[in-house]
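Submitted below is the structure of interest, expressed as structure tokens.
Remember, predicted model here, so these are calculated numbers, not experimental data. Residue numbers start from 1 in every chain, and the chains themselves are labelled A, B, ... in the order their sequence lines are given, proteins ahead of strands.
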Amino acid sequence: MLYDYKSIEKKWQQRWDDAHAFEAKQDFTLPKYYSLVEFPYPSGQGLHVGHPRPYTALDIVSRKKRMQGYNVLFPMGWDAFGLPTENYAIKNKIHPRIVTERNVARFKSQLKALGLSFDWSREINTTDPDYYKWTQWIFIQLFKEGLAYKKEMAVNFCTSCKVVLANEEVVNGVCERCGSAVIRKVKSQWMLKITEYADRLISGLSGLDFIERVKTQQINWIGKSKGAEIDFKTTAGDSLRVYTTRCDTLFGATYMVIAPEHEYVAKWKELLTNYDEIEAYKALAAKKSDFERTELVKEKTGVELKGVRAINPANGKEIPIFISDYVLAGYGTGAIMAVPAHDERDWEFAKKFGLPIIEVVAGGNVEEAAFTDVETGKLCNSGFLDGLEVEDAKAKMIEFLEQNGIGNERVNFKLRDWVFSRQRYWGEPIPLVECEKCGWVAIPEEQLPLTLPEVDSYEPTENGESPLSLMTDWVNCSCPRCGGRAKRETDTMPQWAGSSWYFLRYCDPHNTEALASPEALKYWMPVDWYNGGMEHTTLHLLYSRFWSKFLYDIKTLPCDEPYAKRTSHGMILGENGEKMSKSRGNVVNPDDIVNDYGADTMRLYEMFIGDFEQAAPWNPQSIKGCKRFLERFMNLLDMAKGEGTTPELEKHINKLIKKVTSDIDSMKFNTAIAAMMAMINTVYEVGKITRDELKTLATVLSPFAPHVAEEVYETLGGKGLVSLAKWPEYDESKCGDDVCEMPVQINGKVRGVVTVDKNASKDDILGLAKADAKIAAALADKTVVKEIVVPGKIINIVVK
RNA sequence: GCGGGCGUGGCGGAACUGGCAGACGCGCCAGACUUAGGAUCUGGUGGUUACCCCGUGCAGGUUCGAUUCCUGUCGCCCGCACCA
């Protein structure tokens, strides 16, 4: 039978559409399964071969769940706001909406060609005003709850995109998107208080089925640390507060360091005798980009603040104060006590500036290197702490600090608040106005969505303001509260806004009264299985967990964690093992593969290529193996005769169903396919198969290669769609063998194989083994020391 | 530096809680059918090969038995990066 994949695929895709086969049912009494893949950014390049890997994987999961009787929600949509579209629009003078529409159309037809069982009736688009109405609504709730605030602050600013970036968007000191230098710029920005959720974002992970590397990466990013804050009195008559995780080493603090941006530099101006020098250092630090700052890690720099000294509260000694950019303004209090004997950075700095190093934890040689071990050392030179171990000394010191009112226990996080405004056009307008009398006021919810106005130019202004700032008619408005003169916020939201809640909209995408109905959210949420890229672990995944927790707190969402399970796929690399990119010239176009081999072959190959979680290089040669398999599968139609079972195949088929069922659940798609290939090989060896059996095989194949499966199923007279057929059951009693082959080892080396009954006793097995001619010969002149029999596994005879 | 992961044939990769290393596929070799084959089918395919033997980055260890567990070491990938 000719495998005419083009007509087969067209035919079945049409039939699925006509039957609305993959639309989630509105019946909330059915058992539900919500499987989700990250919705793509519809770029101008079209689909990449990397996209179908996670999509096909979760399509397989969804298809199987559907066949197992679940009401499955497997939706798709478009995360369509963003810079590339805007940049394209600027360059080609086309409205970003038109560009987006075009890209979406292309993506959609490409995804449809792959036979993915998305519920297209729930398609969403973040740039649709009916969608971003609710993105804006959530922002207003955050604003009302005090979690959105505007702050004048030093932000990351991309010199090329002319836009503010979140910490998460700065990679190695350069812009994640364009690779240009990122500098610090003081701007007034909308911020979201994600830090208020830092603790819950860590603790919430414990009950979730996330792959371990996602959990640890999020925990590290949030960076919880326990320590203490301590006040140091100064000769200026005030006190300087520091944060430390090693309050036990307070007696060893021989100097202090504050960040260049620390407010005390200005406060102490009159007292400082070398203010010019300090100012110069400050200016230099400000000019450095993040990249330069990290480049200069090796060499510590700094300037002493001459004229003010601090007093160590533990021993009353006067110590100097420095400014240095190795202390960060944004973490802790922006000031530290330096304990060179027990901190590597302080040690380096002390060596360079000739500062005293006092050992307060015995166990190392502090003249050679900082001794940072907290397990073995004992306190010394520390008055009332002497002789204690580090942990005990910490507790005692905190007690001391609190009793004397000079400090307290304190928890800090690395996580920063989320910089939420962008000086760009193609994003959700921030639905706030600034009234001359009332300050910032949210626009009334019934006026949402606040739509993007039409502008003449999408380019940011030279001074880095949003293009919307030039639209004076739009900007000038009246205050919703007092009716007075007001101006609209002209910044837009970052791309991450729309994707922070999109999985909720899928539950009820056409709702005009709420982001989704409470009933729909209660039924569908949380997402049962969410797969996406590792690159989103500290961005989208964290942000969307934050928003979910917030929506839970304001009683909009019934669960406080949005995803029950999170997995991540490996990248598809180019033929040469490198990341696919235009510049490397190793990009594979999925359209070509679908055209030359068919969607089913493409799907199979993407799943067969290797471990789902591991990166794998594309190999154009290997694809044909998958196509051959499908051809061989279809050719079984010529062989299939009669009904019932074939004795030689019965066990194999039962085992296959068992393996494929469990392999899909544990995302071992590659071995599931290998097992199906082996099954077909067995059928060809045996030379016969019944029509019933082939129908079963088609059913098992259908999540992987749905078009071929439908075709075979229909030809065999199967009723309805195999995509909606019942997933086959297997008979456990028919999965095992009555007899098994057991290898016989002598001193751990295989010397023969015996066939034994499944229920044979150890003695019987051993008897059989020894009766084997080869084994008997090998044992002839040896003394048996030990005999090991593991039924079903192995026989090992140890001899001398 | 810290955190996570990975080293298995010519290639992608299999191997359940330690139990016949190399499933499945690609490639390659031989044969069949063919005017032809980059189509299809059959057989073979870790090294050396009659056997023995050697083989999961390297060196040790635990064990009757180690790709799997432990120690050390080398190499690669990813994430974070002066977070006090």
Open item on the list: Using atom C1' in both nucleotides, what's the gap between G57(B) and U8(B) to the nearest angstrom?
Closed with: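 About 10 Å, rounded to a whole number of Å.
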
- [ ] Using a strict cut-off of less than 4.0 Å between a Lys/Arg side-chain nitrogen and an Asp/Glu carboxylate oxygen, indicate whether Glu606(A) and Arg53(A) qualify as a salt bridge.
- [x]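 Salt bridge flag = no for Arg53(A) with Glu606(A).
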
What protein N or O atoms touch nucleotides 28-31 of chain B N or O atoms at under 3.5 angstrom, if any, and at what distances?
none

TODO: Sort out the partner of A21(B) for me: Watson-Crick or G-U wobble, both distances under 3.5 Å, none otherwise.
DONE: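 By the stated definition (distances under 3.5 Å), nothing pairs with A21(B).
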
TODO: Provide the distance between the two P atoms, one in A30(B) and one in U67(B), to the nearest whole Å.
DONE: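 A30(B) and U67(B) have their P atoms separated by 35 Å.
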
- [ ] Please check if any side-chain donor atom of Thr301(A) sits under 3.5 Å from a side-chain acceptor atom of Tyr326(A), or the reverse.
- [x]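 Looking only at side-chain atoms, Tyr326(A) and Thr301(A) do not form any donor-acceptor pair under 3.5 Å.
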
TODO: Figure out the CZ/P separation between Phe704(A) and G25(B), and round it to whole Å.
DONE: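 About 16 Å, once rounded to whole Å.
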
- [ ] Could you tell me whether the side chains of Glu38(A) and His536(A) share a donor-acceptor contact shorter than 3.5 Å?
- [x]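 Present: a donor and an acceptor within the cut-off.
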
Open item on the list: Distance check needed: G4(B) P versus Gln614(A) CD, whole Å only.
Closed with: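 These atoms are roughly 16 Å apart.
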
Task: Per Gln217(A) side chain, nearest of listed nucleotides G3(B), G79(B), A84(B) - done: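 Ranking G3(B), G79(B), A84(B) by closest atom to the Gln217(A) side chain puts G79(B) first.
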
Open item on the list: Checking side-chain polar atoms at under 3.5 Å, does Asn412(A) have a donor or acceptor matched by the opposite partner on Ser225(A)?
Closed with: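 Short answer, no.
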
Open item on the list: Between U68(B) and U17(B), how many Å separate the two P atoms, rounded to a whole number?
Closed with: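 Nearest-Å result for U68(B) against U17(B) at atom P: 14 Å.
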
Open item on the list: Please determine whether a side-chain nitrogen of the Lys or Arg among Glu787(A) and Lys770(A) lies less than 4.0 Å from a carboxylate oxygen of the Asp or Glu.
Closed with: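 Looking at Glu787(A) and Lys770(A), the cut-off is met.
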
Task: Donor on one side chain, acceptor on other, Thr56(A) and Tyr605(A), under 3.5 Å - done: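 The criterion, which ignores hydrogens and geometry beyond distance, is not satisfied for Tyr605(A) and Thr56(A).
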
Open item on the list: Within a 6.0 Å radius of atom NZ on Lys352(A), are there more than 12 heavy atoms belonging to other residues, nucleotides or ligands?
Closed with: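 Result for NZ/Lys352(A): enclosed.
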
Check nucleotides 14-24 of chain B against the protein and report each pair of N or O atoms closer than 3.5 Å, with its distance, or say if there are none.
unit_1	atom_1	unit_2	atom_2	d
A14(B)	OP1	Asn670(A)	ND2	3.2
A15(B)	OP1	Lys668(A)	NZ	3.3
C16(B)	N4	Lys793(A)	NZ	3.1

